[in-house]
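Notes to accompany the following structure.
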Amino acid sequence: MTPAIPTAPAKPEPSAAAPRPARRSLLRSLGIGLASLRLTVTLLILSLVMIFTATLDQVHLGVWGVQQKYFHAFFVMAKLPGTDLSLPVFPGGYVLGLALLANLITAHVWRFRLSWKKSGIWLTHFGLILLLIGEGLSGLLQRDGQVRLDVGQTRRYVESFRENELAVSDVTDAAFDQVVAIPVERLLGQATIQHPKLPFTLKPIAYFPNATLHPRSQMTNPPPAVATMGDGTDLIAESAPITYKPDESNWPTAYVELTGPEGTLGIWLVSAILEEPQGFIYQGRTWQLALRARRDYVPFTLTLGKFTHDIYPGTDIPKNFASTIQLHGDDGRIDRSVLISMNNPLRTGGYAFYQAGYANNDRTSVLEAVRNPSWLIPYWSCALIVLGLVLQFGLSLSGFFRKRAAAVRSVPSSP
Amino acid sequence: MLARLRICAAAILTLALAACSDRDITAYRVPKDPSVAVAAAPVDPDAAGAQPGSLHWSTPAGWQPQAASGLRAGSFLAPGPGGATADVSVVTFAGAGGDVLANINRWRGQLQLPPITAAELPANVNALEEPAGHFLVADIRGEPVAGKPASRILGAWLEEPSQVWFFKMMGAENVVEAQKGTFLGFLRSVAAGAALDGVPHIAETGPKPAENTNDLPHAAFVVAPTEGAEAPSLQWQAPSDWKAKPITMMRKGSYAVSRGGADADLAITAFPGDVGGLAANVNRWRGQVGLDPVDDAAIGTVTEAFDSNGLHFTVVDCAGSTPSGPQRIMAALVPWQGATWFFKLTGPDDLVKSEKSAFSEFLRTIRPK
């Protein structure tokens, strides 16, 4: 969250001592309240409290968990002790951000007047408004993911770090796959899932945000298998606590039942742990089920030609990571070799690809992919704020010099 | 004044609405990913006799083809007396399919039978020469449970250079007995052949998570690997003539060592804790090459230890005879950061023996990342 600078009131705050208008409408009261400097201060204090609490809570939730609970939420929710009931206990980042934005905009529309003398303040505040909007847009529109490439491997999609989907793919066509991607949140309920592209329906039987799988053959007195088809017929899924640790992953897992017009087709166990999709043939077409990281396909391909991991001579201290990527656009207009290294990202197709890491004994390069249509807004806002401050101070300075010159001129010369 | 308020309200409402978003089901068409191996596809119930992969077979009369799972290349119901049926499956894995003892004991576990030792293997496995190659066959009878008839597994596997095929019939004892001749005839019908158009080649799927379970004592799927630059890891430098293989979820590294038409497999895995301790691991490997276990006191006589790059290595070299020929396992255990790393070279005795110095040099290159 970006704190806003308290707006300087152009008019004195209404006080109890001030004469009240005879007929103040409700809207007028609302406008005055929304433009109030007291509201600004209150919101800033609430923001401080929220940031402080969220910082402490990072111990339990980690960075991502805190972002979701406090900053990317309208309200901070907490469970009523002894129950599963969640109640809002504090305004979240979206409420505070929107309220600060509303406060700033209303203060300008309500109280400020356009004038050359105040142009610097206008520009500065406009920059602040833009900054708040940019932060909101980033929270809503930014998508982070990764592309993992072995040397010689080609990818055309970005995989999400945290979001998962159940992909139901018709892979019959030799050249194309028809994919229906179902967000895993849809598996939380028991509602049957239908889609025009699917000749069958899917009914979630159970969903675990994190789970482990146990082979029944290695369990003593194993429970009966839930899955009747696929790789899960000899596996039992066991729910596991959600982890927020940055170096651990959750393994979402679900049981889904497929049903065609002729009746049930079976129950499948789908899990992010199972690396390969599970196939089956239905009505003469080959289908695949896979619970996987959410994929965002891009209209180009990335092929890793070479990965270098340099260290300082005589040490194990990393000096440089770099991936030589062959970028090829689907329309054939782009086909070039690009070097992605630390602080030297590739920007293409709305994405920025950063060299983020490596794995597999230096044979796999990990690129972080960030798509943020509003990534330029903070630069523009900062430029506007700087311009506004320079203008405002410049105007004050010139006013000061003018007054001093006038004062000098007005002093009578000594005899 | 009202106009100003309307402007404010409109701006705030627009922003508030923009903040509301919900992920929805999406459908799209994408070109096939050239880097992704084609996934397994089972047999279409309507396409009886379809045989994916490089093997094909003749479906015996009376067997009902079934819609099968992703791991199954073939699935049938074999009829028996009184309308009972036995389940017949054909499953293939890329790479090695585990050792003979592990396969037998896995099937015994499915029948609630205790595992057998390597010394008992010869009495439990038979070899069968068929047109497709050298099958190993096991006939395992379970115990009757709670008045139900005993279950029985008649299983066979066929190892090819890059994959292993499992053929298994499982059902009530009398049904399997009635279908035994048909099942053996089914094995005889297996022959090399091309995959049908439009049916993905199951052998191209790469090793499944179940692969390498001989190194995963009772915790194969419980381990959540944390692969990535952030996770504590080791690094190494493999000899230039070892060919890197694709990594699976369970393997940190994988190499093929080939010479003179023979192939050995080097697997690098890591699991939390001591994974049963030194003796348990050493004896498991000894059992895999048909050697008797040694007790804790004698474990030092069959292992060597050394320190390198701040790591403590315990090296095992065991050779023995298995139904598929003389085999050797050369392996090292490295406890590090609360986990145990395994570097295990498995293959024909002659080949693994010739790689001994290369393996030793390879171990010296291992260091914390």
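Proteins get letters first, then strands, A, B, ... in listed order; numbering begins at 1 in each.
In this structure, chain B has a heavy atom under 4.5 Å from the side chain of A:Ile193, while its backbone stays farther away. In this structure, the portions of A:Ala181 lying under 4.5 Å from any heavy atom of chain B include both its backbone and its side chain. Interface remark: A:Asp170 contributes no atoms to any contact with chain B (heavy atom separation under 4.5 Å).
Residue with the most contacts toward chain B among A:Gly266, A:Pro196, A:Ala175: A:Ala175 (heavy-atom pairs, distance under 4.5 Å).
Salt-bridge formation is not detected for the pair A:Arg148/A:Glu159: no Lys NZ or Arg NE/NH1/NH2 atom is positioned less than 4.0 Å from an Asp or Glu carboxylate oxygen. The existence of a salt bridge linking B:Asp87 and B:Lys168 is excluded, since no basic side-chain nitrogen approaches an acidic carboxylate oxygen closer than 4.0 Å.
A side-chain N or O of A:Thr364 and one of A:Asp150 form a donor-acceptor pair less than 3.5 Å apart.
Summarising the geometry, atom NE2 belonging to A:His328 is positioned 10.0 Å from atom OG1 belonging to A:Thr154; distances are rounded to the nearest 0.5 Å.
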